[in-house]
Amino acid sequence: MDPILIVLRIVHIVGGVFWAGAILFVVHFLEPAVRDTGPEGAKIMRALQKRRYLEVIPAVAALTLLSGFALYWRIFGRIHPGPGASGTEIALGLGGLVSLVAFVIGVTLLRPSALRIGTLGAELAEAPDERKAALQEEIGRLRLRMRRSGRGVAILLSVAILTMAVGRYL
Ligand code: HEM
């Protein structure tokens, strides 16, 4: 028994389930539901932010990545596939790469857009009439960016889930 491997696997799998599950739920169910509810939906997003969704998910994602690369290193002795790589090594390496890209999109596009929407939404409630149209336009633009980047992250994480699910049998 290798206790370090077991701890890494627990952190990795629990983190991966949490990260991917939370993103897939938001992209496929929560965001469309919030959009359907119109201006009321902004309150749900603010409540979600108050519960630190935008801090917890990146932290869990980072743990999943770190434990994933540590597992990869322990098993294959390198952090990405190289000469003579087996099917398993290539599949897990591909999963690692797409997860890393998903993380970068999440922290550079998705999270900042969501944070800015929260700030502008609060400003909108207090804004004078002449400023409202400009704020609404900016919020609409950010929502579109959030939706597109969210879909990109969801697709990449779905690829990661598939490669992780079958990797060891290739
Ligand atoms: C959301 C992203 C991820 C999810 C949901 C995920 C999920 C999983 C799951 C469920 C397993 C267990 C598979 C099995 O035992 O057959 C696994 C194994 C593994 N994952 Fe990931 N993973 C993710 C990201 C990553 C990343 C970024 C890396 C980095 C290279 C990585 C590397 C590995 C490795 C090396 C294993 C094999 C561990 C072993 O056999 O002990 N994973 N992953």
Side-chain angles (χ1 to χ4, degrees), residues 1-35 41 44-118 142-170:
M1 192 182 88
D2 180 347
I4 295 180
L5 196 78
I6 290 175
V7 171
L8 284 174
R9 275 186 70 96
I10 291 172
V11 172
H12 183 67
I13 294 175
V14 173
V17 167
F18 192 88
W19 175 22
I23 293 288
L24 293 177
F25 168 71
V26 167
V27 168
H28 293 301
F29 296 101
L30 188 66
E31 193 278 330
V34 165
R35 214 171 344 125
I44 301 177
M45 296 313 276
R46 278 204 291 279
L48 208 60
Q49 279 190 28
K50 248 169 67 188
R51 281 162 185 77
R52 308 180 67 79
Y53 175 81
L54 294 172
E55 282 76 41
V56 171
I57 299 300
V60 173
L63 281 177
T64 306
L65 286 167
L66 289 174
S67 55
F69 282 105
L71 282 167
Y72 201 91
W73 176 263
R74 279 183 86 86
I75 297 167
F76 303 113
R78 48 191 178 190
I79 56 160
H80 57 76
S86 63
T88 299
E89 191 180 346
I90 292 170
L92 295 174
L94 175 70
L97 177 68
V98 293
S99 307
L100 187 62
V101 176
F103 180 77
V104 171
I105 295 175
V107 294
T108 58
L109 288 175
L110 193 53
R111 184 173 185 275
S113 305
L115 283 172
R116 185 95 185 108
I117 289 171
L142 288 165
R143 281 215 174 116
L144 188 65
R145 185 199 282 177
M146 204 175 100
R147 200 150 61 239
R148 287 187 179 149
S149 51
R151 279 186 195 149
V153 169
I155 291 169
L156 292 169
L157 290 182
S158 301
V159 173
I161 292 168
L162 290 177
T163 59
M164 297 293 148
V166 300
R168 76 158 67 205
Y169 304 103
L170 298 177

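Nothing fancy with the numbering, it's 1 onward along the sequence. Just the heavy atoms: all of them, side chains too, but no hydrogens, waters or symmetry mates, feed the values below. Bear in mind that the values here come from a model prediction, so they are computed numbers and not experimental data. Every number for a ligand or one of its atoms is a count from 1 in the order of the listing.
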Handout entry: Over 12 foreign heavy atoms within 6.0 Å of CZ, Arg148
Key = no
Fill in the blank from the handout: In ligand 1, the atoms that come under 4.0 Å of a heavy atom of Leu157 are 1 (C)
Exercise for the section: Please work out whether any backbone atom (N, CA, C, O) or any side-chain heavy atom from C-beta onward of Leu5 is under 4.0 Å from ligand 1, and answer side chain, backbone, both or neither. Expected result: neither
Handout entry: Protein N/O/S neighbour count - atom 21 (Fe) of ligand 1, strictly under 2.8 Å
Key = 2
Exercise for the section: Decide yes or no on side chain to side chain contact (heavy atoms under 4.5 Å, CB included) for Ile161 and Leu24, but give the supporting numbers first. Expected result: CA-CA 11 Å; Ile161 292 168; Leu24 293 177; 4.1 Å; yes
Practice task
Taking the side chain as every heavy atom from C-beta outward, state whether Val56 and Phe18 have any atom pair closer than 4.5 Å.
Solution key: yes
Handout entry: Ile75 and ligand 1 - part of the residue with a heavy-atom distance under 4.0 Å
Key = side chain
Exercise for the section: Considering the heavy atoms of Leu65, write down every atom of ligand 1 situated less than 4.0 Å from one of them. Expected result: 27 (C)
Practice task
Give yes or no for whether the N/O distance cutoff of 3.5 Å, strictly under, is met between Tyr72 and ligand 1.
Solution key: no
Exercise for the section: Could you tell me which residues satisfy salt bridge (charged side-chain N to carboxylate O under 4.0 Å, His left out) with Arg111, sequence neighbours excluded, listed by chain and number? Expected result: Glu55
Practice task
Show your working on side chain to side chain contact (heavy atoms under 4.5 Å, CB included) between Arg35 and Arg147 and close with a plain yes or no.
Solution key: CA-CA 11 Å; Arg35 214 171 344 125; Arg147 200 150 61 239; 3.3 Å; yes
Exercise for the section: Inspect the surroundings of CD1 in Ile6 and state if more than 12 heavy atoms from other residues, nucleotides or ligands are less than 6.0 Å away. Expected result: yes
